[in-house]
4 protein chains.
Amino acid sequence: MTPVVSEEYREKKKQEIIEHALVCFAEKGFQAATIDDIVKRSKMSKGSIYTYFQSKEDIYVALMNEKTEISTQHLKEELKKFDSSIEKIRFIFDIFKSQAGRSNWIDRVKVHTEFYLHASRDPDLRSLLIERAKHYYINVLVDVLEEGKMAGEIKTTTDSEIAANLFWSMLDGINFQYSALQDHYPYEDVLEEAKAMYIKSLM
Amino acid sequence: MTPVVSEEYREKKKQEIIEHALVCFAEKGFQAATIDDIVKRSKMSKGSIYTYFQSKEDIYVALMNEKTEISTQHLKEELKKFDSSIEKIRFIFDIFKSQAGRSNWIDRVKVHTEFYLHASRDPDLRSLLIERAKHYYINVLVDVLEEGKMAGEIKTTTDSEIAANLFWSMLDGINFQYSALQDHYPYEDVLEEAKAMYIKSLM
Amino acid sequence: MTPVVSEEYREKKKQEIIEHALVCFAEKGFQAATIDDIVKRSKMSKGSIYTYFQSKEDIYVALMNEKTEISTQHLKEELKKFDSSIEKIRFIFDIFKSQAGRSNWIDRVKVHTEFYLHASRDPDLRSLLIERAKHYYINVLVDVLEEGKMAGEIKTTTDSEIAANLFWSMLDGINFQYSALQDHYPYEDVLEEAKAMYIKSLM
Amino acid sequence: MTPVVSEEYREKKKQEIIEHALVCFAEKGFQAATIDDIVKRSKMSKGSIYTYFQSKEDIYVALMNEKTEISTQHLKEELKKFDSSIEKIRFIFDIFKSQAGRSNWIDRVKVHTEFYLHASRDPDLRSLLIERAKHYYINVLVDVLEEGKMAGEIKTTTDSEIAANLFWSMLDGINFQYSALQDHYPYEDVLEEAKAMYIKSLM
DNA sequence: TATGAATGAGCCTTCATTCAT
DNA sequence: TATGAATGAAGGCTCATTCAT
């Protein structure tokens, strides 16, 4: 067992690399971004990067596994603060809305989208993706919706699974368009409209 | 001096290359797919491909410029068949639904998504993309919605531009999730749900 | 035996190709110039060019074998017009001087130089080159010099072969510098100076 | 952050590549010589060569910028050793004469000639060439000649610039013929004759 | 651990030449 | 004879990864 300090150091270093890699991948795409790009950005040596990660792909996967504000883990905690299901859903939309100005939000969306594409081509990653989509994102929403049905907030004819899928698909689409069109896309307005529409459809 | 081969022959050849390229790009992604992959698939020679296209990117762009069932040009024509705005919107959802089984629909979506990502990084392509998004897709919907408002089908408080953006974003998101998760994604059900939700929100 | 007319036609065509090829080779160099360049310039088809020449190299060699104003064949005839050896030498310098303005003189020099380089690497061409240098160019001068010695115009201590070599080397060098530096090189003045110097050294 | 390898190491490596490239370029010409040829000769990896040079052309230019025994820099130093202008001129001829046996002299001349041709087609390189020809080679000779005129060694009617151009053109031509014809060319004799002729013309 | 030089497989593209029409 | 599409070998260059220091 290596000492804790060393482990912390490793973690800090990995995190640093991941952050710089995110920008590189967002800027050029995973394939087009080179290790040398990350080297330049992170001001680390090429060898160093390979002490912390086994391959470029490894950095990519680590980057996607990273905790973000919208990770389900974190999301679940946050949602506990609300009693109403509708409020919970409102809250999720608002989290996205609050990302609007964030400097690296578009970067994250781009990398996320590309990673989906990438993973859809790799059997192992694809399984992981499906697993995560199903058991994490979908389930978080399904729980909220079921809860809402029980509480009488949401009409019982709603198919939670379908509705949950629609929920995340819609957000994905909005984020994606935003990441591509940026200033030419009315991100916040569309999110607000989507929120109203989605909630209306549940009631 | 009449050309040895007809213009139609050239067009047929280009189309052939594009079709094989679509599969290759979908399978591996634009970057990872090699000209040799296209050579193998199309059973043409490498040189031949370069007689019809200037570069790999050129094939990519041609592929995206291709007329499809969902091209706005075609869409506008089709929409004229309907009187009601709501019916028009229903129709668009149904076009997508009808793609569900189509062999290369997922390929098309993947390539479309990746192209968006790709274009968002290239100033020239990006301008083209924004132009097209705005003046084609958005406007088609805006026209339908405005028409619906005039006809009293759609509530006048609707902001057509926002609603139009939401419409296409939602479809993009649904298609994207479908292309990534495939059998694990209830494409048709989600589309049906989205249709109901969207229409409800307009009334 | 094909009819004479057809042979003339072939010759005319070949000549045409050669002329366009000269410009292409001069502009880009033999290697960098492509058959397509010649196609574009000559407005013939690629296939046509290959009916008259077996290969790019073939055009190159034909181009070098072409009769020019400075070809020894032609030169010998011209020199007969002069009685004095010194006058003959003067005349040769003046031929070069008269090329100064000629539109394609620099092209010819460039192609000539490059062909020398090229031929020096190909055993067959190299033999041809040596043969031609020796038995043609050198001998023309040697004859003139020997004649001059006999006539008492040129001092008998002159080694004709060395002097002949020096003569052509000097001209080669002057032409070469001119072709490279063009307007920045005082071609005519240098030729005049060289003429004076060379003649002085013979007497 | 000290570099892992010293600057001298890098310089040594570059030099090594240049030396092998010289042979390759001389053997086949710049265009025909491939990076793989240099790889084979130098026994380095392809990637390695690209760590030290940006492109094939880059190696070519570096090769031409290299210090040689006949570089003006070096020449100027050497010429200081002589008081008499005539002696200086003699000395330059003798330097060339001393190259006669040198293993890579012919290679150098070939590459030099081809580079001139090459540079005459590239605007940037052409400017460099003209600059260098004028301000270096020509000026070295002009200085010697002017000095000689002042000292009464050289007749004052001589136009130094013309004479200087003739000087280098003549040497270029002699070297070029030698490089092409090799054993079939009486290099040393021609140089000796040229020396006598040139000096005689100055007095 | 840190560094960056070394490696070489792999890719896009070019182009001389062939050949069916 | 004329045309230009088809061919595929070959070449310059990149870049993920390794490894000696």
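Side chains included, hydrogens not; waters and symmetry mates left out as well; all remaining heavy atoms used. Sequence lines set the chain letters: A, B, ... in the order given, protein chains first and strands last, and positions in each chain run from 1.
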Practice item. Please state how far atom CD in B:E11 lies from atom P in F:dA5, giving the value in whole angstrom units. Key: 13 Å

Review point. Within the pair B:Y9 and E:dA20, is there a side-chain N or O less than 4.0 Å away from OP1 or OP2?
Key: no

Practice item. Return the value, rounded to whole Å, for the distance between atom CD1 of A:I17 and atom C1' of E:dT1. Key: 12 Å

Check your understanding: Taking only residues two or more places apart in sequence or in another chain, which ones pass side-chain contact (heavy atoms from CB on, under 4.5 Å) with A:Q31?
Key -> B:Q31, B:A32

**Study point:** Between P of F:dT3 and NZ of C:K40, the distance in whole Å
**Key:** 16 Å

Exercise for review: Report yes if a side-chain nitrogen or oxygen of C:S45 is closer than 4.0 Å to either non-bridging phosphate oxygen (OP1 or OP2) of F:dT3; otherwise report no.
Suggested key: yes

Practice item. Return the set of residues passing side-chain contact (heavy atoms from CB on, under 4.5 Å) with A:T34 (not counting sequence neighbours), or none when no residue passes. Key: A:D36, A:D37

Exercise for review: Name the nucleic acid region contacted by D:F53, choosing base, sugar-phosphate or nothing; use a 4.0 angstrom heavy-atom cut-off, strictly under.
Suggested key: nothing

Review point. F:dG11 C1' sits how many Å from D:I49 CD1, rounded?
Key: 13 Å

Check your understanding: For F:dT1, does OP1 or OP2 lie under 4.0 Å from any side-chain N or O of C:Y52?
Key -> no

**Study point:** D:F25 and D:F30 aromatic ring geometry - parallel, tilted or perpendicular at 30°/60° bounds
**Key:** perpendicular

Study note, to complete from the structure: Residue set satisfying salt bridge (charged side-chain N to carboxylate O under 4.0 Å, His left out) with C:R41, at least two apart, ordered chain then number -> C:E27

Quick one: which protein N/O atoms are closer than 3.5 Å to N/O atoms of nucleotides 13-16 of chain F? Pair and distance per line, please.
residue, atom, partner, partner atom, Å
F:dC13, OP2, D:Y50, OH, 2.6
F:dC13, OP2, D:K56, N, 3.0
F:dC13, O5', D:Y50, OH, 3.4
F:dC13, N4, D:K46, NZ, 2.7
F:dA16, OP1, A:K56, NZ, 3.1
F:dA16, OP2, A:I35, N, 2.8

Review point. Roughly how many Å is it from CZ in D:F25 to P in F:dG11, rounded to a whole number?
Key: 14 Å

Review point. List DNA chain F stems (3 or more consecutive Watson-Crick/G-U pairs, under 3.5 Å)?
Key: E:2-21 with F:2-21

Review point. Does the gap between the ring centers of A:F176 and B:Y116 come in under 6.0 Å?
Key: yes

Check your understanding: Out of E:dA6, F:dA2, E:dA2, which nucleotide sits closest to the side chain of A:K13?
Key -> E:dA2

Review point. Does A:Q15 have any side-chain hydrogen bond (donor to acceptor under 3.5 Å, both in side chains) partners at least two apart in sequence or in another chain, and if so, which?
Key: A:E19, A:E66

Review point. For B:A62, what residues pass the side-chain contact (heavy atoms from CB on, under 4.5 Å) criterion, not counting sequence neighbours?
Key: B:I18, B:F53

Exercise for review: Could you name each residue pair satisfying salt bridge (Lys or Arg N to Asp or Glu O under 4.0 Å) that touches residues 114-128 of chain C, not counting sequence neighbours?
Suggested key: none

Check your understanding: Under 4.0 Å between a side-chain N/O of B:R10 and OP1 or OP2 of F:dG4, yes or no?
Key -> no

Check your understanding: Please give, in whole Å, the distance from F:dT7 P to B:M44 CE?
Key -> 9 Å

Revision key, fill the gap. Sorted by chain and residue number, the side-chain contact (heavy atoms from CB on, under 4.5 Å) partners of D:S45 (sequence neighbours excluded) come out as D:S48

